[in-house]
2 protein chains.
Amino acid sequence: MNTTIATPVAQLAVSTVIFSLRAGSTLWLPLVRRIREPFEGQWALPGGPLGANESLADSAARTLQQTTGLTPRYLEQLYAFGTVDRSPSQRVVSVVYWALVRPDEAEQATEGENVRWFSADELPELAFDHNTIVEYALWRLRNKMEYSRIAHAFLGERFTLAQLREVYEAVLRRPLDPANFRRQIEAGQSIVATDEYLAGGRHRPPRLYRTNESIDLAENGPLPEQGAPHALR
Amino acid sequence: MNTTIATPVAQLAVSTVIFSLRAGSTLWLPLVRRIREPFEGQWALPGGPLGANESLADSAARTLQQTTGLTPRYLEQLYAFGTVDRSPSQRVVSVVYWALVRPDEAEQATEGENVRWFSADELPELAFDHNTIVEYALWRLRNKMEYSRIAHAFLGERFTLAQLREVYEAVLRRPLDPANFRRQIEAGQSIVATDEYLAGGRHRPPRLYRTNESIDLAENGPLPEQGAPHALR
DNA sequence: TTAGTTCAAGTCATTTACACCTTTACTCGA
DNA sequence: TCGAGTAAAGGTGTAAATGACTTGAACTAA
């Protein structure tokens with residue numbers, strides 16, 4: 001074997017942008033406070049160096065679990081960021097993933113001195129180029145919302161059509177006609193009606209639906225390394 | 001500074017899948033023969049280790065230039081591949097780009113013992129997981145063809161509508177109605193009619209068009225590190 | 001019982017997509 | 001020089017998708 005082990009030109013890190021919906025209508029994401037230089041004390045995306053025996057997606061899932069306690073239902077690679085000057089001193093190439101979690105999962109997440117949730121519209125100044133990264137992740141989320149069915153990853157097992165519509169309205173930031181929304185969703189095959197109804201509101205109880213597991217909701221093409229353990233298919 | 005320089009868990013490499021259209025109707029891509037282990041003698045995607053003072057996109061452009069002599073008009077990041085076992089011995093994480101070149105550029109490319117063009121449908125068994133990578137790049141190309149205007153990157157300065165349609169037909173592998181194609185393209189703003197015509201055929205000379213530079217043809221969103229020097233915007 | 005709310009379903013006009021047809025303009029060979 | 005061949009350019013009709021709006025049903029709370 002004549003392979004020379006070159007001195008590394010860059011550190012390899014994996015980070016993740018996690019989205020959730022708080023109060024059912026605003027996009028929130030968890031950030032972690034940096035506990036060392038550079039950017040000590042500033043907020044940053046959860047992540048860390050790639051482990052020796054884990055794939056990129058596994059690394060994203062692990063660091064997520066360790067820093068925020070979250071295990072997202074949806075995890076997909078976003079982009080690899082590698083400009084020379086994006087980190088002072090040692091050069092870092094970051095493979096960034098993006099994830100969606102349900103509101104109930106998000107509430108279980110550890111929140112404290114070093115982990116806090118922020119509104120996606122009102123972020124502080126983040127470490128490194130993480131503001132840029134979040135902006136791109138937001139674009140990807142909104143874009144993907146229009147041609148795939150990832151909205152389901154924000155919801156639990158059972159949900160009403162109104163809840164699903166509210167997810168779309170929150171992410172796309174515009175109201176949708178309930179009647180037309182119903183027609184379009186029913187035309188597709190992405191959800192299945194159950195025979196349960198949600199009682200309790202002061203109105204006619206809406207029917208509960210569940211996602212159709214046999215339909216590909218992500219539309220990511222023939223990707224070999226398929227997301228996290230619980231990746232949406 | 002208390003940053004510890006960890007021993008690298010993986011080598012960082014950048015590779016590129018380059019597509020071109022030969023004879024105006026079949027997808028071709030250049031491969032390079034490996035001159036060292038592992039996979040010595042087998043065909044692989046052009047690429048190499050990331051240089052110390054270049055961004056990921058610059059590295060893709062440079063290795064492309066060195067191995068094939070090509071400077072693609074379109075260059076976009078495809079995916080970062082990083083499963084643990086994708087390379088024997090030393091672990092390698094590859095950030096893969098994909099590129100489009102015009103047929104006339106492709107002809108200038110060096111072809112010889114160590115560089116050869118292959119039909120995208122009839123590839124040999126490649127080194128590493130490069131067959132998988134090419135398959136994914138093909139999916140991305142065909143997918144992107146349907147919602148963006150990247151087809152223009154296959155063509156030169158001036159082209160007829162029939163030529164543009166042939167690009168679509170070749171990539172999507174199905175015939176398109178010339179009349180409807182004309183209307184759809186004209187409805188968009190991606191091309192501009194010139195007052196030139198292409199004479200020589202035994203039929204009415206078709207009008208020549210050029211791409212509208214002021215329109216974003218790639219639709220990649222707010223990406224910071226924008227492709228290669230000549231990236232299509 | 002009644003008012004209020006939302007689900008659920010239906011109507012209608014407009015736009016868009018697609019298949020097919022006709023005319024026009026040019027080149028080339030007889 | 002004339003006719004045949006070819007593809008551009010433009011047109012028409014039908015089906016599907018979309019958006020704005022309307023109606024009725026089901027339930028809660030007062």
Side-chain angles (χ1 to χ4, degrees), chain A residues 23-25 142-143 145-149 151-152 155-156 158-212 215 219, chain B residues 23-25 142-143 145-149 151-152 155-156 158-211 219:
Chain A
S25 58
R142 296 196 161 115
N143 203 257
M145 206 75 167
E146 301 190 358
Y147 68 87
S148 78
R149 323 261 189 218
H152 301 260
L155 299 170
R158 300 278 185 279
F159 51 87
T160 69
L161 280 180
Q163 287 170 340
L164 183 61
R165 177 169 48 82
E166 279 160 15
V167 171
Y168 277 90
E169 290 179 334
V171 174
L172 300 179
R173 290 176 297 183
R174 61 183 158 91
L176 300 173
D177 184 89
N180 296 331
F181 181 78
R182 164 179 302 276
R183 209 182 0 173
Q184 288 172 9
I185 292 294
E186 280 176 343
Q189 305 288 309
S190 57
I191 63 169
V192 178
T194 70
D195 49 5
E196 300 168 56
Y197 294 83
L198 181 64
R202 42 186 302 171
H203 53 76
R204 170 177 175 179
R207 182 185 285 270
L208 287 169
Y209 293 81
R210 60 175 178 82
T211 67
N212 184 351
I215 297 285
E219 319 218 359
Chain B
S25 59
R142 294 193 163 117
N143 202 259
M145 207 73 165
E146 300 190 359
Y147 68 87
S148 77
R149 325 261 188 214
H152 302 260
L155 298 170
R158 299 277 184 278
F159 50 86
T160 69
L161 280 180
Q163 288 170 339
L164 183 60
R165 178 170 47 82
E166 280 162 14
V167 172
Y168 276 91
E169 289 179 337
V171 174
L172 300 178
R173 290 175 298 183
R174 61 185 158 91
L176 301 173
D177 184 272
N180 295 332
F181 180 80
R182 162 180 304 276
R183 238 171 329 167
Q184 287 171 11
I185 293 293
E186 282 176 343
Q189 305 289 310
S190 55
I191 60 168
V192 178
T194 69
D195 49 4
E196 300 169 57
Y197 294 84
L198 181 64
R202 44 182 301 166
H203 53 75
R204 172 177 172 175
R207 181 185 285 270
L208 287 169
Y209 293 81
R210 61 176 176 81
T211 69
E219 318 219 358

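Throughout, protein chains are lettered first and strands after them, A, B, ... in sequence-line order, and every chain is numbered starting at 1. It should be emphasised that the depicted structure is a prediction, and the values quoted were computed from it without experimental measurement.
Look at CG on A:L198: it is 11 Å from P on D:dT28, rounded to the nearest Å. The distance from atom CG of B:L164 to atom P of D:dA9 is 13 Å, rounded to the nearest whole Å. In this entry the distance linking CZ of B:R174 with C1' of C:dC18 reads 12 Å, nearest Å. Rounded to whole angstrom, the span from the OH atom of A:Y197 across to the C1' atom of D:dA25 amounts to 12 Å. Regarding A:F181, its CZ atom lies at a distance of 15 Å from the C1' atom of C:dT6, rounded to whole Å. Taking atom CG on B:L176 and atom C1' on C:dC18, their separation rounds to 12 Å, with Å as the unit. Atom CG in B:L208 sits roughly 17 Å away from atom P in D:dA7 (whole-Å rounding). Going from atom CD of B:E186 over to atom P of D:dA8 covers 12 Å, rounded to whole Å.
Proximity of A:Q184 to the phosphate of D:dG19: a side-chain N or O atom is located under 4.0 Å from OP1 or OP2.
Counting only heavy atoms from C-beta outward, the side chains of B:M145 and B:V167 approach each other to under 4.5 Å. Residues A:L172 and A:E146 meet the side-chain proximity criterion, which asks for heavy atoms closer than 4.5 Å. No side-chain heavy atom of B:L164 sits less than 4.5 Å from a side-chain heavy atom of B:E166. Two residues are said to be in side-chain contact when any heavy atoms from C-beta on lie closer than 4.5 Å; A:T160 and A:L208 meet this criterion. B:H152 is listed as a side-chain neighbour of B:I191, based on a closest heavy-atom distance under 4.5 Å. Looking only at side-chain heavy atoms (C-beta outward), A:L198 and A:R158 stay at 4.5 Å or farther from each other.
With DNA chain D read from its 5' end, the first of the two nearest nucleotides for A:A199 and B:Y209 is the one closest to B:Y209. Of the residues near DNA chain D, A:R202 and B:L161, the one whose nearest nucleotide (by heavy atom distance) lies more toward the 5' end is B:L161.
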Can you give me the N/O atom pairs linking the protein to nucleotides 19-25 of chain C at distances under 3.5 Å, or say none if there are none?
{"from": "C:dA19", "atom 1": "N7", "to": "B:N180", "atom 2": "OD1", "distance (Å)": "3.4"}
{"from": "C:dA19", "atom 1": "N7", "to": "B:N180", "atom 2": "ND2", "distance (Å)": "3.0"}
{"from": "C:dA19", "atom 1": "N6", "to": "B:R183", "atom 2": "NH2", "distance (Å)": "3.4"}
{"from": "C:dT24", "atom 1": "O2", "to": "B:R204", "atom 2": "NH1", "distance (Å)": "3.3"}

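Between B:A193 and B:R207, the shortest heavy-atom distance links the atoms CB-CD, 3.7 Å.
For A:A162, the side-chain atoms get nearest to C:dC7 when compared with the rest of C:dC7, D:dA9, C:dA9.
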